[in-house]
Amino acid sequence: MKFSSRLNWNLTPNPLTQLLDAKRAQGIPILDLTESNPTRCGFHYDDAAILSAISSSKSLTYDPSPRGLLKAREAITNYYLLKNKTVDPNSIFLTASTSEAYSFLFKLLGDAGDGILVPQPSYPLFEFLAGLESLRTIHYPLRYDSDPRGLGDLAGLWTINFEVLRESISERTKAIVIVNPNNPTGSYLKKDELAKLNELCHERKIALIVDEVFSDYANGEDANRIETVVSNDGALTFALSGLSKVVALPQMKLGWIQVSGETKAVEEAMSRLELIADTYLSVATPVQHATPKLLAMRESIQKEIRERVEMNGKVLEEQKLNVLKREGGWYAVIEIEQDDERLAYELLEGENVLAHPGYFYDFRGRDVMVVSLITKVDVFEEGIAKLTKNLQGL
Ligand SMILES: Cc1ncc(COP(=O)(O)O)c(C=O)c1O
């Protein structure tokens, strides 16, 4: 049988994953510093309220709509209204996840072989999301200035390398993806960067896809930061988010796309997106009815997550690890002098501690370890102490 060449990836697990599987099979307890599933991190969810929200009797009737139920989309417009952004509910499309939102947009924008620009370092799923739509990813670098004399005001900030980004655009480039804030660097898009992106996308007729799933988790204030691009009118823009991070309920499977830009382009994009969404109608009815109530729960769970992130951040400070500046999100990037792949393997092999090596996220030119700051604090403290001991060669 000959299967689609879209799936020609080498799917052999890497040595770290093989070692992890072997340890787990032997029942060895692992100090997992990469836990990013919030439902496994010991947070206090209001179980009764969540269960009541998804058990509305209205869910017994099937009344599908390609964009999703209006009352769910209106709840999302209220969420943006509190960020001082007025959004038309008709510009919102519900999806089963942010990942599905990407797949809809890649179908909308690209033909087989077309290119999507994605940040580097970033989230490792893009190769798969684009490849499954027969598109290519092209990486544009984000640069971090750790030398205060290097980029002046930009010291300790990740910025888009616009020179390389510009040179990477060809006739076949269909979109620029921005992760705001980025996973795992935690870096936010800045006002001047959005202005340059608008100009570039408008001039080269390409779309802007901005993944804002972590945008509610800022670390401190910065007036130059873009919290959300919803209602950005400088380019055809798709803002993505969802319940998986906003209310820490990834199992609910609800994401969304908000479309903005020049009226004609928005209308054309929305009529095509409607066809794509109508083909699948993939969002379950119970979660759509529950969305207003679930979104209303975000304050308490986000507060708890922020406190956890802060507590674990302090653990890193106490150990005097070289942590890159973190503007937001759930991850910390620790710069190391050793080879990251080797260190990750040795930590797991010798100490039963799991941390991700930077190469998983395509960090270039610096060795780093990536850890999740929503890990339970006792696990985090013990794992980080072992990591620190290992870094000091003790
Ligand atoms: C940047 C980013 N976008 C999207 C997702 C996936 O979100 P969803 O569960 O809505 O597919 C993740 C998951 O960790 C992520 O890190």
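Side chains included, hydrogens not; waters and symmetry mates left out as well; all remaining heavy atoms used. Sequence positions, counted from 1, serve as the residue numbers for this chain. Start at 1 and go down the list; that is how both ligands and their atoms are numbered.
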Visitor: Under 3.5 Å, is there a donor-acceptor pair linking the side chains of S282 and E100?
Guide: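 Yes, side-chain donor-acceptor contact under 3.5 Å.
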Visitor: Is the closest basic N to carboxylate O distance between R24 and D32 below 4.0 Å?
Guide: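 Here R24 pairs with D32 in a salt bridge, since their nearest N and O are under 4.0 Å apart.
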Visitor: Is the ring pair Y102/F126 parallel, tilted or perpendicular, if the boundaries are 30 and 60 degrees?
Guide: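 Perpendicular.
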Visitor: Looking only at protein heavy atoms, identify the closest one to atom 10 (O) of ligand 1 and say how far it is in Å.
Guide: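 Heavy-atom neighbour on the protein nearest atom 10 (O) of ligand 1: T98 OG1, 2.5 Å.
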Visitor: Which protein heavy atom lies closest to atom 16 (O) of ligand 1, and at what distance to 0.1 Å?
Guide: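 Protein heavy atom at minimum distance: N183 ND2, 2.7 Å.
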Visitor: Just which atoms of ligand 1 are under 4.0 Å from any heavy atom in S99?
Guide: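 Close to S99: 11 (O).
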Visitor: Check for me whether K253 has a heavy atom closer than 4.0 Å to any atom of ligand 1.
Guide: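 Judged by the 4.0 Å heavy-atom criterion, K253 does not count as contacting ligand 1.
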Visitor: Is ligand 1 less than 4.0 angstrom away from at least one heavy atom of S244?
Guide: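 Judged by the 4.0 Å heavy-atom criterion, S244 does count as contacting ligand 1.
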Visitor: Below 4.0 Å, non-hydrogen atoms only: which portion of K245 touches ligand 1? Side chain, backbone, both or neither.
Guide: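 Contact part for K245 vs ligand 1: side chain (C-beta onward).
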Visitor: Quick test of your reading of the model: are K190 and E327 salt-bridged, counting only N-O distances below 4.0 Å?
Guide: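 E327 and K190: salt-bridged.
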Visitor: Under the criterion salt bridge (charged side-chain N to carboxylate O under 4.0 Å, His left out), which of K303, R306, K83 is the partner of D216?
Guide: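 Result: among K303, R306, K83, K83 is the only option passing the salt bridge (charged side-chain N to carboxylate O under 4.0 Å, His left out) with D216.
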Visitor: Answer yes if the side chains of T12 and N10 hold a donor-acceptor pair under 3.5 Å, and no otherwise.
Guide: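 On atom types as modelled, these side chains qualify, holding a pair under 3.5 Å.
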Visitor: Do any nitrogen or oxygen atoms of Y331 come within less than 3.5 Å of a nitrogen or oxygen of ligand 1?
Guide: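 It does not: no N or O of Y331 is found under 3.5 Å from an N or O of ligand 1.
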Visitor: Quick one: look up the protein heavy atom nearest atom 1 (C) of ligand 1 and list residue, atom name and how far away it is.
Guide: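 Minimum-distance protein heavy atom for atom 1 (C) of ligand 1 reads D211 OD2, 3.4 Å.
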Visitor: Atoms of ligand 1 less than 4.0 Å from V179 heavy atoms?
Guide: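 So the atoms of ligand 1 that pass are 1 (C).
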Visitor: If we check side chain to side chain donor-acceptor pair (under 3.5 Å) with Q258, which of these qualifies: S91, S241, S231?
Guide: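 Single side chain to side chain donor-acceptor pair (under 3.5 Å) partner of Q258 among S91, S241, S231: S91.
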Visitor: Which option, Y123, Y102, F126, owns the non-hydrogen atom nearest atom 15 (C) of ligand 1?
Guide: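 It is Y123 whose heavy atom sits nearest to atom 15 (C) of ligand 1.
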